[in-house]
Amino acid sequence: MSASSTPSSGDDQPSQATDPLAWRRHLPALASAAAGINEACDAWDAVSDSLCDADGWPLDDKVYGDGKVKRDAEAWKHAEVFLDHGPEVLAGVRAAADGPDYVEGPISDDLRRLRGIDTILLRAQELRHEWDGVMALMDGSQPSVLHLYQERAEEHRNTEGWHYSHELGSKGPALVRIGEYLAHRADTERPSCCSSAGTAPEASAASPGDSSPPSSAAESPSPSSCLA
């Protein structure tokens with residue numbers, strides 16, 4: 001197909017502007033990000049108890065601390081995927097959901113699970129902006145000093161962001177399930193709308209028929225729990 005009919009730049013822009021379900025292209029990325037957060041959480045849970053004594057105190061502060069640093073860094077990496085795509089998907093599913101969806105039906109519980117996700121995304125985005133500002137201030141530093149400061153700043157950001165990462169790992173799968181359901185529902189409604197009319201009686205032999213492109217939805221993982 002040719003993009004010559006579109007004056008604006010970017011091959012994806014026409015479909016994004018005309019397709020109200022364009023947001024669903026981000027669902028696989030969000031599903032993978034939620035799984036990544038929960039995997040980081042599960043990996044830490046699997047070893048954290050063994051690093052503590054009977055009273056819950058770390059046997060080795062450095063080993064225990066390094067484990068949390070690794071968990072926080074891995075989780076934040078995936079949380080940033082939600083910062084990049086989550087708001088668009090949220091807006092899309094809210095536009096596609098009907099009033100009854102919030103009351104009963106297969107996604108009503110998941111819709112309730114999304115309560116508070118806007119604040120989580122906002123606070124996490126503020127943390128990322130703060131990090132960008134710190135990095136901008138370090139631009140003129142010597143390379144050796146820059147590396148040291150950057151490492152410390154990253155660790156601080158990841159630690160501060162763990163709560164948001166954990167919440168997104170919990171709520172993210174619900175957002176993906178809602179998106180998959182609504183996209184599938186829209187796909188099944190679109191063809192029925194066109195096929196119910198059948199072949200138009202007044203259609204002339206010179207007019208080509210219309211067609212609607214099908215779409216598919218992917219399965220998303222369930223969240224796990226992990227406490228700091």
Side-chain angles (χ1 to χ4, degrees), residues 26-87 89-90 106-132 134-135 146-181 218-228:
H26 299 310
L27 293 177
L30 294 186
S32 178
I37 293 172
N38 289 318
E39 285 169 10
C41 174
D42 292 342
W44 171 246
D45 281 349
V47 300
S48 59
D49 286 345
S50 67
L51 301 177
C52 298
D53 61 21
D55 295 323
W57 293 98
L59 297 170
D60 186 313
D61 288 340
K62 185 179 187 310
V63 172
Y64 189 86
D66 288 347
K68 289 186 70 174
V69 167
K70 180 180 178 182
R71 177 202 67 179
D72 296 348
E74 187 68 16
W76 179 260
K77 176 181 72 176
H78 295 295
E80 289 199 303
V81 177
F82 279 93
L83 299 186
D84 292 336
H85 306 306
V89 174
L90 263 177
I107 59 172
S108 58
D109 287 342
D110 277 337
L111 284 167
R112 283 190 284 273
R113 288 187 183 99
L114 291 187
R115 189 172 300 165
I117 194 172
D118 298 89
T119 301
I120 294 164
L121 288 170
L122 177 62
R123 297 289 181 262
Q125 192 68 264
E126 289 173 348
L127 183 61
R128 181 158 73 169
H129 287 327
E130 179 183 316
W131 155 259
D132 291 339
V134 170
M135 288 299 97
L146 176 62
H147 176 74
L148 177 62
Y149 285 167
Q150 182 173 351
E151 191 175 80
R152 290 179 178 176
E154 281 181 357
E155 184 176 329
H156 175 76
R157 177 201 62 191
N158 299 340
T159 300
E160 291 295 307
W162 163 245
H163 169 71
Y164 309 126
S165 300
H166 179 240
E167 286 295 319
L168 291 171
S170 175
K171 296 178 183 295
L175 176 60
V176 173
R177 287 193 296 269
I178 294 168
E180 295 287 0
Y181 174 84
E219 196 70 25
S220 65
S222 298
S224 65
S225 63
C226 176
L227 299 179

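Note that the coordinates shown come from a computational prediction; the quantities given were computed from them, not determined experimentally.
Salt bridge status for D66 with K62: present, with a side-chain N to carboxylate O gap under 4.0 Å. Taking the charged nitrogens against the carboxylate oxygens, E154 and R157 have no contact shorter than 4.0 Å, which rules out a salt bridge.
Side-chain contact check for Q125 versus H129: some heavy-atom pair is nearer than 4.5 Å. Looking at F82 and L121, their side chains come closer than 4.5 Å, going by heavy atoms from C-beta outward. Contact check for W57 versus C52: no side-chain heavy atoms found under the 4.5 Å cut-off. Looking at heavy atoms from C-beta onward, L51 lies in side-chain contact with W44 at the 4.5 angstrom threshold. Using a 4.5 Å heavy-atom threshold, the side chains of R177 and I107 count as separate. Annotation: side chain of M135 is not in contact with side chain of Y149 (no heavy-atom distance under 4.5 Å).
The structure places CG of L127 at 12.0 Å from NE2 of H163, a figure rounded to the nearest 0.5 Å. Atom CG of L27 sits about 5.0 Å away from atom CD of E180, to the nearest 0.5 Å. Considering NE2 of H78 and CD of E39, their distance stands at 7.0 Å, rounded to 0.5 Å. Expressed to the nearest 0.5 Å, how far CD of E167 lies from CD1 of I37 amounts to 10.5 Å. Considering CH2 of W162 and CZ of R71, their distance stands at 4.5 Å, rounded to 0.5 Å. Put simply, OH on Y164 and CG on L122 are 9.0 Å apart, with the number rounded to the nearest 0.5 Å.
Nearest heavy atom pair, residue A33 against residue V81, reads CB-CB, 3.7 Å. When every heavy atom of L83 is checked against every heavy atom of A124, the shortest pair comes out as CD2-CB, 3.6 Å. Minimum interatomic distance between Y64 and S48 (heavy atoms only, all atoms of both residues): CE1-O, 4.1 Å. What you find for K171 and I120 is that their closest heavy atoms are CE-CD1, 3.7 Å. A40 and A75 get closest at one heavy-atom pair: CB-N, 4.3 Å.
One N or O on the side chain of N38 and one on the backbone of G169 form a donor-acceptor pair closer than 3.5 Å. Remark: side-chain polar atoms of S32 are not paired, donor with acceptor, to backbone N or O of P28 under 3.5 angstrom.
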For side-chain contact (heavy atoms from CB on, under 4.5 Å), just list the numbers for L168 and L175, CA-CA rounded to whole Å, side-chain angles, deciding distance to a tenth of an Å, and then say yes or no.
CA-CA 10 Å; L168 291 171; L175 176 60; over 6 Å; no
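Listed by first and then second residue, the salt bridge (Lys or Arg N to Asp or Glu O under 4.0 Å) pairs that reach into residues 113-129 are E80-R128, D84-R128, R94-D118, D110-R113, R123-E126, sequence neighbours excluded.
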